[in-house]
Asks: 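Handing you a structure now.
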Amino acid sequence: MNSDRHIVHMDLDTFFVSCERLLDSRLNGKPVLIGGTSDRGVVASCSYEARTFGIHSAMPMRLAKQLCPEAIVLRGNSGVYSKFSNTVTDIIKESVPLYEKTSVDEFYIDLTGMDQFFGCNKLASELRSRIIKETGLPISFGLSANKTVSKIATGEAKPNNQIEIIKGTEKPFLSPLSVRKIPMVGEVTYRSLCDLGIKQIKTIQKMPIEMMIRVFGKNGATLWKKANGIDNSPVVQYTERKSISTERTFDKDTTDIKKLEGIIVAMTENLIYQLRRGNKLTACVTFKIRYSDFQTYTQQKRIPYSAADHKILPVVMDLYKNLYQRRLLVRLVGVRFSHLVEGGQQIDLFDNNDKIINLYQAMDKMRERYGDRAVIKASGMNAKSISRWNPFTGEPPPLLANRRQ
């Protein structure tokens, strides 16, 4: 590991809102919420104007509208956001030697060694300026010797700005900040820290690592290191996926069997297509169901490696029938394929024939050309929001704000 690293963290500011504002300038300067509009919807993104009312991402939409009744609520369009995200990704890909895309709007860039030729801060600044100029999207970045400090620095730079943390100044930079700024600190960990009287990072910096381990276990050591600006994790460009999954939460709990089975068929069919598109096979199928009382059940089954609808879909439907209790309202259903390996669909000498193989190839060609839902089973036609993304490109899926059935 190079001891003199230069890691950039770039984050597109209020990304979904910024995309919508490029499409409609009337949204500029107004409180905007992106997310599900039903009673169970959550805020996927919100403008800075909306944040002044105490609104934040993942907040229930009902509460957000109570806090800011004049807010403009949009369901969002994952296809538009993916397009903007891909444009930014292409610019970064052309400009840097190594990058990691951790979400639809967030990137880590390793510029280690580039300081000998260009100056890392100058290179990152020019890249940021190019993204803003070519896309119109605001973007912020933090530059430091590691991923943790760079990510925290980006948060301090926002909105639409940049910060460089010189090597050796990590601890003084982190010291006065809230422990909430540490990436691994969620609500539960934050409450635990507050119970101990720990609210600022400088308190952790003064504590022995052994004490943190005694209180928080193995995570205590990681927390202590991050608080002290220590993070040797590399920028990883691509991680091989071990599983893919999808799930749907219904607007209203349901016992409508037709609706349930239609959603399950559409989800499964789309997921199997993603297997074939990524040249993958699965050997384990899992079905998940959650009832209105939040009781959640899963069941899985091992199968011969496959990426064929007629092999996998019956297995999913059997698992669904095993778990479904007809008298209970259903809140959520999900499908997961795991134990993935590289390889195209194998022809089974006993079950498959040329017609089936040719059928899959023809369907997949039509989907590639006209979209994932160009060819679908009639029973799945009512599922409106099956996502269009390739899980095997090394990029994360877009965060969908509009999950409707």
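As a basis for the values below, the full set of heavy atoms in this structure was taken, side chains included, without hydrogen atoms, waters or symmetry mates. If you're wondering where the values come from, they're calculated on a predicted model, not measured in any experiment.
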Asks: Just do the side-chain contact (heavy atoms from CB on, under 4.5 Å) check on V265 and M267 with the steps written out, would you?
Replies: CA-CA 6 Å; V265 167; M267 289 164 56; over 6 Å; no
Asks: The test is side-chain contact (heavy atoms from CB on, under 4.5 Å); show your working for L313 and E269 and say whether it passes.
Replies: CA-CA 7 Å; L313 190 53; E269 190 178 25; 5.8 Å; no
Asks: Is any side-chain heavy atom of V335 closer than 4.5 Å to a side-chain heavy atom of K288?
Replies: no
Asks: Which pair of non-hydrogen atoms, one from S140 and one from P159, has the smallest distance, and what is that distance?
Replies: OG-C, 3.8 Å
Asks: What I want to check is whether the side chains of S150 and S144 have a donor and an acceptor closer together than 3.5 Å.
Replies: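 Side chains of S150 and S144: pair found under 3.5 Å.
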Asks: Would you call V333 and L260 a side-chain contact if the rule is heavy atoms closer than 4.5 Å?
Replies: yes
Asks: When you measure from the side chain of T254 to the backbone of F250, do you find a donor-acceptor pair of N or O atoms at a distance under 3.5 Å?
Replies: no
Asks: Got a second to check how far I204's CD1 is from K226's NZ, nearest 0.5 Å?
Replies: 12.0 Å
Asks: Under the side-chain contact (heavy atoms from CB on, under 4.5 Å) rule, what do I34 and V17 come out as? Steps first, then yes or no, please.
Replies: CA-CA 7 Å; I34 310 288; V17 174; 3.9 Å; yes
Asks: What are the two closest heavy atoms between F173 and A153, and how far apart are they?
Replies: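 F173 and A153 have their closest heavy atoms at CZ-CA, 3.7 Å.
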Asks: Restricting to non-hydrogen atoms, name the atom on R336 and the atom on S243 that form the minimum distance, rounded to 0.1 Å.
Replies: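 Distance-wise, the nearest heavy atoms are NH2-OG, 3.4 Å.
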Asks: Show, in sequence, the C-alpha distance, side-chain angles and deciding distance for S45 and T14, and conclude whether the side-chain hydrogen bond (donor to acceptor under 3.5 Å, both in side chains) test is met.
Replies: CA-CA 6 Å; S45 180; T14 59; 5.7 Å; no
Asks: Does this structure show an ion pair linking E94 with R130, if we count only N-O contacts that are shorter than 4.0 Å?
Replies: yes
Asks: What's the verdict on side-chain hydrogen bond (donor to acceptor under 3.5 Å, both in side chains) for T112 and D110, showing C-alpha distance, side-chain angles and the deciding distance?
Replies: CA-CA 6 Å; T112 302; D110 193 339; 2.5 Å; yes
Asks: Between L12 and L137, which heavy-atom pair has the shortest distance, and what is it?
Replies: CD2-CB, 3.9 Å
Asks: Taking L127's backbone N and O only, do any of them form a donor-acceptor pair with S95's side chain (distance below 3.5 Å, no angle check)?
Replies: no
Asks: Can you confirm whether L196 sits close enough to F216 that some side-chain heavy atom of one is under 4.5 Å from a side-chain heavy atom of the other?
Replies: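 Result yes, sub-4.5 Å side-chain heavy-atom pair found.
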Asks: If I take atom CE from residue M10 and atom OH from residue Y99, how far apart are they, to the nearest 0.5 angstrom?
Replies: 13.5 Å
Asks: Hey, what do you get for CG (L33) to OG (S47), rounding to the nearest 0.5 Å?
Replies: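 Atom-to-atom, L33:CG and S47:OG are 7.0 Å apart.
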Asks: Any heavy-atom pair between the side chains of I55 and C68 that's under 4.5 Å?
Replies: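 Side-chain contact under 4.5 Å: yes.
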Asks: Find the distance between OH (Y190) and OG (S178) and round it off to the nearest 0.5 Å.
Replies: 5.0 Å
Asks: State plainly whether the residues E49 and R21 are in salt-bridge range, i.e. N to O under 4.0 Å.
Replies: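 Counted as a salt bridge, because a side-chain N and a carboxylate O are separated by less than 4.0 Å.
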Asks: Less than 4.5 Å apart, any side-chain heavy atom of L23 and any of V80?
Replies: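 A side-chain contact exists here, since the closest heavy-atom pair is under 4.5 Å.
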Asks: Show your reasoning for whether side-chain hydrogen bond (donor to acceptor under 3.5 Å, both in side chains) applies to R191 and T189.
Replies: CA-CA 5 Å; R191 284 201 300 268; T189 305; over 6 Å; no
Asks: Is the backbone of F287 close enough, under 3.5 Å, to the side chain of Q299 for a donor and an acceptor to pair up by distance?
Replies: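 Side chain of Q299 to backbone of F287, a donor-acceptor pair under 3.5 Å: no, none is there.
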Asks: Give the C-alpha distance, both sets of side-chain angles, the deciding distance and a yes or no for side-chain hydrogen bond (donor to acceptor under 3.5 Å, both in side chains) between R290 and Q295.
Replies: CA-CA 6 Å; R290 178 174 296 154; Q295 289 293 315; over 6 Å; no
Asks: Are any of the side-chain heavy atoms of L223 and M184 separated by less than 4.5 Å?
Replies: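 Yes, at least one pair of side-chain atoms sits under 4.5 Å.
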Asks: So D293 and R331, side-chain contact (heavy atoms from CB on, under 4.5 Å) or not? Walk me through it.
Replies: CA-CA 9 Å; D293 59 0; R331 179 183 177 87; over 6 Å; no
Asks: Between T154 (side chain) and G142 (backbone), is there a donor-acceptor pair under 3.5 Å?
Replies: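 Confirmed, T154 side chain pairs with G142 backbone.
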Asks: Is a side-chain donor-acceptor pair under 3.5 Å present for S125 with Q162?
Replies: yes
Asks: Please check this pair: side chain of N270 against backbone of A266, looking for a donor-acceptor N/O pair closer than 3.5 Å.
Replies: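 No, because the side chain of N270 does not come within donor-acceptor range (under 3.5 Å) of the backbone of A266.
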Asks: Answer whether the closest heavy-atom distance between the side chains of T135 and V88 falls below 4.5 Å.
Replies: yes
Asks: Could you tell me whether a side-chain N or O of N228 sits under 3.5 Å from a main-chain N or O of W224, the two making a donor and an acceptor?
Replies: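 Yes.
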Asks: Can you tell me if Q205 uses its side chain to pair, donor with acceptor, with the backbone of A227 under 3.5 Å?
Replies: yes
Asks: Is the NZ or CZ atom of K101 positioned over F107's six-membered ring, under 6.0 angstrom from the centre and within 45° of the axis?
Replies: no
Asks: Can you tell me if E261 and Y324 form a side-chain donor-acceptor pair at under 3.5 Å?
Replies: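 No pair is found: no donor N or O on one side chain lies under 3.5 Å from an acceptor on the other.
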Asks: Donor-acceptor pair, D13 side chain versus N160 backbone, under 3.5 Å?
Replies: yes
Asks: Given the ring of Y273, does R276 sit roughly above its face, with NZ or CZ under 6.0 Å from the centre of the six-membered ring and within 45° of the axis?
Replies: no
Asks: May I ask you to decide whether D11 forms a salt bridge with K158, counting only side-chain N to carboxylate O separations under 4.0 Å?
Replies: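 Salt bridge flag = yes for K158 with D11.
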Asks: Looking only at heavy atoms, which two atoms of G334 and E247 are closest? And how far apart?
Replies: CA-CB, 3.6 Å
Asks: Quick one: does any side-chain atom of S192 pair with a main-chain N or O of V188 as donor and acceptor, under 3.5 Å?
Replies: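 Checking the backbone N and O of V188 against the side chain of S192, a donor-acceptor pair under 3.5 Å is found.
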Asks: Could you tell me whether a side-chain N or O of Q66 sits under 3.5 Å from a main-chain N or O of A64, the two making a donor and an acceptor?
Replies: no
Asks: Should P183 and T148 count as side-chain neighbours, where that means a heavy-atom distance under 4.5 Å?
Replies: yes
Asks: Just verifying a value: how many Å separate I165 CD1 and I7 CD1, rounded to the nearest 0.5 Å?
Replies: 14.5 Å
Asks: What are the two closest heavy atoms between R5 and S233, and how far apart are they?
Replies: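 What the structure gives for the nearest pair is NH1-O, 3.2 Å.
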Asks: Report the distance from atom OH of Y320 to atom CD1 of I263, rounding to the nearest 0.5 Å.
Replies: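 Atom-to-atom, Y320:OH and I263:CD1 are 11.5 Å apart.
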